[in-house]
Amino acid sequence: MKLTAFRYGTTEINEGMAFTGGDKNVKIPISLLFFLLEIDNRKILIDTGCDTMPGFPLFEFKKPIEVLEDYGIKAEDISDVLITHAHGDHIDCVRYYKAAEIYINENEETQAKRYVSDINKLHTFRESLILNDNVCFKYIGGHSPGSSIVLINTPDTVYVLCGDECYTKENLHYAKPTASSFNIEKSTEFVNEYRKEKYTPIIFHDEKLVEKIGGKVIFEY
């Protein structure tokens, strides 16, 4: 089992979007990331990134599909795609992975169909989707109606791939949900649970997770 994070760009948001009580006049740089999980001879993308990001400045950028190709992964190598939610920066590039089965929470299905070229490849789940004994795709519903996370059990910890249930480490450290939540109660439940010591959160916009455009192995067992 191997998890690799890929950085394909950098943008910024304001504190008022990142966490409750934040200053809308203070800008925060964030990375644009997606992930590759390799298990059971499968290559699974967790989100796909985007080719354009209208309304947000891009300070550095390379198309996600090109970042993968530089790493030696072709579009046809991807067997599955897990979409944490159907916002453009997480799902836009799903169209490249024509051989992959695509999974998303049922509450995101209508929005997802705008991006998925073959709806026969699109599969939904309600509460959770078990990929194998160690990997679970789990519905949260805080950031968006069907916002979901990926839990990966390893011998050392439980990794939590957070999607946009949090934007920064401050969300978890101070138990502050994002200020851009669809359901603030569920967002609050998320930060209260996954800030616990038994979890290792992986934040999809962590500026320091991958230092430059390209890939970084998070763990390999």
Side-chain angles (χ1 to χ4, degrees), residues 3-6 8 32-40 42-54 63-65 67-68 73 75-132 134-153 158-167 177-178 180-187 189-190 193-194 201-205:
L3 180 69
T4 306
F6 291 93
Y8 67 97
L32 301 174
L33 304 169
F34 65 95
F35 298 82
L36 175 67
L37 177 63
E38 298 175 76
I39 56 169
D40 303 334
R42 298 160 72 184
K43 288 181 169 59
I44 303 170
L45 281 187
I46 303 170
D47 289 346
T48 64
C50 58
D51 281 347
T52 61
M53 200 171 178
K63 287 186 176 183
I65 190 73
V67 175
L68 265 185
I73 304 292
E76 56 266 30
D77 296 333
I78 301 301
S79 60
D80 309 87
V81 179
L82 310 183
I83 301 294
T84 61
H85 61 293
H87 290 171
D89 59 317
H90 294 258
I91 193 175
D92 177 49
C93 291
V94 72
R95 65 188 183 277
Y96 291 114
Y97 305 103
K98 300 185 184 305
E101 303 297 324
I102 302 157
Y103 300 90
I104 197 166
N105 181 264
E106 63 183 11
N107 296 306
E108 303 281 316
E109 182 178 11
T110 299
Q111 180 75 1
K113 285 180 177 178
R114 300 179 183 180
Y115 296 93
V116 176
S117 55
D118 182 357
I119 61 172
N120 293 316
K121 291 282 190 178
L122 182 64
H123 311 282
T124 63
F125 68 97
R126 178 167 294 179
E127 294 297 332
S128 64
L129 176 68
I130 305 300
L131 278 78
N132 72 3
N134 297 309
V135 182
C136 176
F137 198 18
K138 180 178 175 61
Y139 163 71
I140 300 295
H143 176 68
S144 69
S147 179
S148 302
I149 63 174
V150 179
L151 302 173
I152 306 174
N153 286 289
V158 178
Y159 287 93
V160 184
L161 278 72
C162 297
D164 274 359
E165 286 297 337
C166 58
Y167 286 119
T178 69
S180 55
S181 294
F182 167 78
N183 185 317
I184 191 66
E185 182 178 339
K186 290 182 177 180
S187 289
E189 290 174 357
F190 169 83
E193 174 63 23
Y194 293 103
I202 297 177
I203 299 170
F204 280 44
H205 296 296

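These numbers come from a predicted model, not from an experiment.
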Would you say that Pro64 contacts Phe34 through its side chain, given a criterion of any heavy-atom pair below 4.5 Å between the two side chains? yes
Between Tyr8 and Cys50 (side chain of the first, backbone of the second, donor and acceptor by atom type, cut-off under 3.5 Å), is there such a pair? yes
Distance, nearest 0.5 Å, that separates CD1 of Ile203 from CG of Leu161: 11.0 Å
Considering all heavy atoms, the nearest Thr52-Asp92 contact: N-OD2, 4.0 Å
Are the side chains of Leu33 and Phe35 in touch, meaning some heavy atoms are under 4.5 Å apart? yes
Between the side chains of Asp164 and His87, is a donor N or O closer than 3.5 angstrom to an acceptor N or O? no
Is the centre of the Tyr103 ring less than 6.0 Å from the centre of the Phe137 ring? no
All heavy atoms of Ser79 vs all of Ile44, minimum pair found to be OG-CG1, 4.3 Å
Using the side-chain contact (heavy atoms from CB on, under 4.5 Å) rule, take Thr48 and Ile83 through it: C-alpha gap first, then chi angles, then the decisive distance, then the call. CA-CA 8 Å; Thr48 64; Ile83 301 294; 4.0 Å; yes
Between Tyr96 and Asp51, is there a side-chain heavy-atom distance shorter than 4.5 Å? yes
Over 12 foreign heavy atoms within 6.0 Å of NZ, Lys63: no
Quick one: which of Ile149, Asp47, Asp89 gives a side-chain contact (heavy atoms from CB on, under 4.5 Å) with Phe204? Asp47
Show your working on side-chain contact (heavy atoms from CB on, under 4.5 Å) between Val160 and Ile202 and close with a plain yes or no. CA-CA 6 Å; Val160 184; Ile202 297 177; over 6 Å; no
Distance, nearest 0.5 Å, that separates CG of Leu122 from CD of Glu109: 5.5 Å
Using every non-hydrogen atom in the two residues, find where Thr178 and Glu165 come nearest and quote the distance to one decimal. CG2-O, 3.7 Å
Between Gly142 and Ser147, which heavy-atom pair has the shortest distance, and what is it? N-CB, 4.3 Å
Is Glu193 atom CD crowded by more than 12 heavy atoms from other residues, nucleotides or ligands, each under 6.0 Å away? yes
Quick check for you: to the nearest 0.5 Å, what is the distance between Asp80 atom CG and Asp40 atom CG? 10.5 Å
Spacing of OH belonging to Tyr97 relative to CG belonging to Leu45, to within rounding of 0.5 Å: 5.0 Å
Please tell me if the side chains of Leu36 and Ile78 come closer than 4.5 Å, counting only heavy atoms from C-beta onward. yes
Side chains of Tyr167 and Ser180: closer than 4.5 Å at any heavy-atom pair? yes
Between CG of Asn132 and CD1 of Ile152, what distance do you get to the nearest 0.5 Å? 9.5 Å
Whether over 12 other heavy atoms sit under 6.0 Å from Lys138 NZ: no
Looking at Tyr139 and Pro145, what are the two nearest heavy atoms and their distance? CE1-O, 3.3 Å
So, the side chain of Asn105 versus the backbone of Phe125: is there a donor-acceptor pair under 3.5 Å, distance only? yes
Passing option when Ile39 is tested against Asn134, Val135, Leu3 for side-chain contact (heavy atoms from CB on, under 4.5 Å): Val135
What's the spacing between Lys43 NZ and Leu37 CG if we round to 0.5 Å? 11.0 Å
Quick check: closest heavy atoms across Pro177 and Ile184, and the distance to 0.1 Å? CG-CD1, 3.6 Å
Leu32 side chain reached by Met53 side chain, heavy atoms, under 4.5 Å: yes
Please examine the side chains of His85 and Ser148, heavy atoms only from C-beta on, and report whether any two atoms are closer than 4.5 Å. no
